[in-house]
Peer 1: 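I have a structure here, written as structure tokens, and I will follow up with some questions on it.
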Amino acid sequence: QVQLVESGGGLVQAGGSLRLSCAASGRTFSNYAMGWFRQAPGKERAFVAVISATGFRLYYADSVKGRFTISRDNAKSTVYLQMNSLKPEDTAVYYCAANRGFSSYSPEYDYWGQGTQVTVSS
């Protein structure tokens with residue numbers, strides 16, 4: 001089992017920044033690729049970004065490319081999502097998830113956090 005706890009969400013004005021963190025415990029963090037997903041009201045959960053277990057491979061959704069940066073610190077068992085130039089359409093609950101493989105497909109992820117709310121005001 002891997003337990004994931006997100007933090008860092010909140011209310012921010014358009015154009016602002018937030019950094020989300022996801023702390024992992026349980027099985028060896030460095031064995032898992034880590035993804036960020038988000039779910040806006042009335043919409044399906046959507047892929048945001050993924051980082052490989054080693055941190056060498058990154059992949060982003062087109063909607064966040066150039067604005068968001070995913071990173072990880074395996075020594076701290078934590079993955080981050082730096083979000084800059086935020087837009088109102090980024091408003092959603094953000095989830096981190098763990099997967100043995102490198103994927104943007106949410107059903108392939110084995111473990112999920114509880115989510116953290118990000119609200120961007122215009």
Side-chain angles (χ1 to χ4, degrees):
Q1 291 288 333
V2 176
Q3 292 78 41
L4 302 172
V5 179
E6 301 96 336
S7 62
L11 174 64
V12 64
Q13 288 188 331
S17 298
L18 282 175
R19 188 175 84 152
L20 305 183
S21 300
C22 172
S25 61
R27 294 191 175 182
T28 305
F29 178 73
S30 59
N31 287 344
Y32 292 86
M34 296 298 297
W36 284 98
F37 294 81
R38 65 187 181 185
Q39 187 165 19
K43 295 188 177 181
E44 294 185 353
R45 190 171 297 185
F47 166 75
V48 174
V50 58
I51 186 168
S52 64
T54 60
F56 292 143
R57 292 179 68 191
L58 310 175
Y59 181 66
Y60 297 92
D62 287 344
S63 59
V64 307
K65 201 173 297 181
R67 300 188 298 122
F68 290 11
T69 302
I70 189 171
S71 62
R72 67 189 296 159
D73 184 338
N74 284 348
K76 295 182 178 179
S77 297
T78 301
V79 62
Y80 305 97
L81 186 68
Q82 178 67 43
M83 305 186 295
N84 298 331
S85 302
L86 282 161
K87 304 175 182 180
E89 51 263 44
D90 294 318
T91 295
V93 177
Y94 283 72
Y95 299 89
C96 67
N99 180 25
R100 287 282 190 176
F102 186 82
S103 174
S104 62
Y105 188 49
S106 61
E108 294 182 357
Y109 281 74
D110 301 310
Y111 305 103
W112 292 82
Q114 83 290 348
T116 186
Q117 176 71 47
V118 171
T119 303
V120 184
S121 64
S122 57

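For clarity, every value in this text was computed on a predicted model and none was experimentally measured. All residue numbers in this chain count up from 1 along the given sequence.
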Peer 1: May I ask you to test the Arg67-Tyr60 pair for a side-chain heavy-atom distance under 4.5 Å?
Peer 2: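 When only atoms from C-beta onward are counted, Tyr60 and Arg67 do not touch, as no gap falls below 4.5 Å.
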Peer 1: Looking only at heavy atoms, which two atoms of Phe102 and Ser52 are closest? And how far apart?
Peer 2: CE1-N, 3.6 Å
Peer 1: Do Phe37 and Leu81 share a hydrophobic cluster (ILVMFWY, side-chain heavy atoms under 4.5 Å, transitive)?
Peer 2: no
Peer 1: Identify the two heavy atoms, one from Ala92 and one from Ala40, that lie closest to each other, and give their separation to 0.1 Å.
Peer 2: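 For Ala92 and Ala40, the tightest heavy-atom pair comes out as CB-N, 3.8 Å.
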Peer 1: Transitively linked via ILVMFWY side-chain contacts under 4.5 Å: Trp112 with Val48?
Peer 2: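 Shared cluster, no.
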Peer 1: CD/Gln82 to CG/Leu18 distance, rounded to the nearest 0.5 angstrom?
Peer 2: 8.5 Å
Peer 1: Let's go through Asp110 and Asn99 carefully: what are the C-alpha distance in whole Å and the side-chain angles of both, what is the deciding distance for side chain to side chain contact (heavy atoms under 4.5 Å, CB included) to 0.1 Å, and is it a yes or a no?
Peer 2: CA-CA 6 Å; Asp110 301 310; Asn99 180 25; 4.1 Å; yes
Peer 1: How about Gln3 and Val5: do any of their side-chain heavy atoms sit closer than 4.5 Å?
Peer 2: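 SC-SC contact between Gln3 and Val5 ruled out.
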Peer 1: Is the shortest distance from a Lys or Arg side-chain nitrogen in Lys87 or Asp90 to a carboxylate oxygen in the other one below 4.0 Å?
Peer 2: no
Peer 1: Can you find a pair of side-chain heavy atoms, one from Ile51 and one from Tyr80, that are under 4.5 Å apart?
Peer 2: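 No, their side chains stay 4.5 Å or more apart.
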Peer 1: Give me the atom names and distance for the closest heavy-atom approach of Ala33 to Gly101.
Peer 2: CB-O, 3.4 Å
Peer 1: For the ring pair (Phe, Tyr, Trp, His ring centres under 6.0 Å) test, which of Tyr59, Trp36, Tyr105 pairs with Phe47?
Peer 2: Tyr59
Peer 1: Between Arg72 (side chain only) and Phe29 (backbone N and O only), is there a donor and an acceptor less than 3.5 Å apart?
Peer 2: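 At least one qualifying donor-acceptor pair exists.
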Peer 1: CG/Asn74 to OG1/Thr54 distance, rounded to the nearest 0.5 angstrom?
Peer 2: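 Asn74 CG to Thr54 OG1: 8.5 Å, rounded to 0.5 Å.
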Peer 1: Looking at Thr78 and Lys76, would you say the former's side chain and the latter's main chain have a donor-acceptor pair under 3.5 Å?
Peer 2: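 At least one qualifying donor-acceptor pair exists.
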Peer 1: Shared ILVMFWY cluster between Val50 and Leu20, side chains joined below 4.5 angstrom?
Peer 2: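 No, separate clusters.
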Peer 1: Kindly compute the distance separating OH (Tyr109) from CG (Leu4), expressed to the nearest 0.5 Å.
Peer 2: 11.5 Å
Peer 1: Treat each ILVMFWY residue as a node, draw an edge where side-chain heavy atoms are under 4.5 Å apart, and state whether Ile70 and Tyr111 are in one component.
Peer 2: yes
Peer 1: Counting only heavy atoms not in Lys65, do more than 12 fall under 6.0 Å of its NZ?
Peer 2: yes
Peer 1: Side chains of Val118 and Arg38: does their closest heavy-atom pair fall under 4.5 Å?
Peer 2: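 No, side chains not in contact.
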Peer 1: Spell out, yes or no, whether Leu86 and Leu11 are grouped together once hydrophobic residues are joined by side-chain heavy atoms under 4.5 Å, including indirect joins.
Peer 2: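 Not linked; separate clusters.
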Peer 1: Considering all heavy atoms of both residues, which atom of Ser122 and which atom of Pro88 are nearest to each other, and what is their separation?
Peer 2: CB-CG, 3.8 Å
Peer 1: Counting N and O atoms only, with roles assigned by atom type, does the side chain of Thr119 sit under 3.5 Å from a partner on the main chain of Thr91, one being a donor and the other an acceptor?
Peer 2: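 No.
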Peer 1: Check whether any side-chain N or O of Glu6 sits under 3.5 Å from a backbone N or O of Cys96 as a donor-acceptor pair, and report yes or no.
Peer 2: yes
Peer 1: How close do Ala53 and Ser30 get, counting heavy atoms only, and between which atoms?
Peer 2: CB-O, 3.3 Å
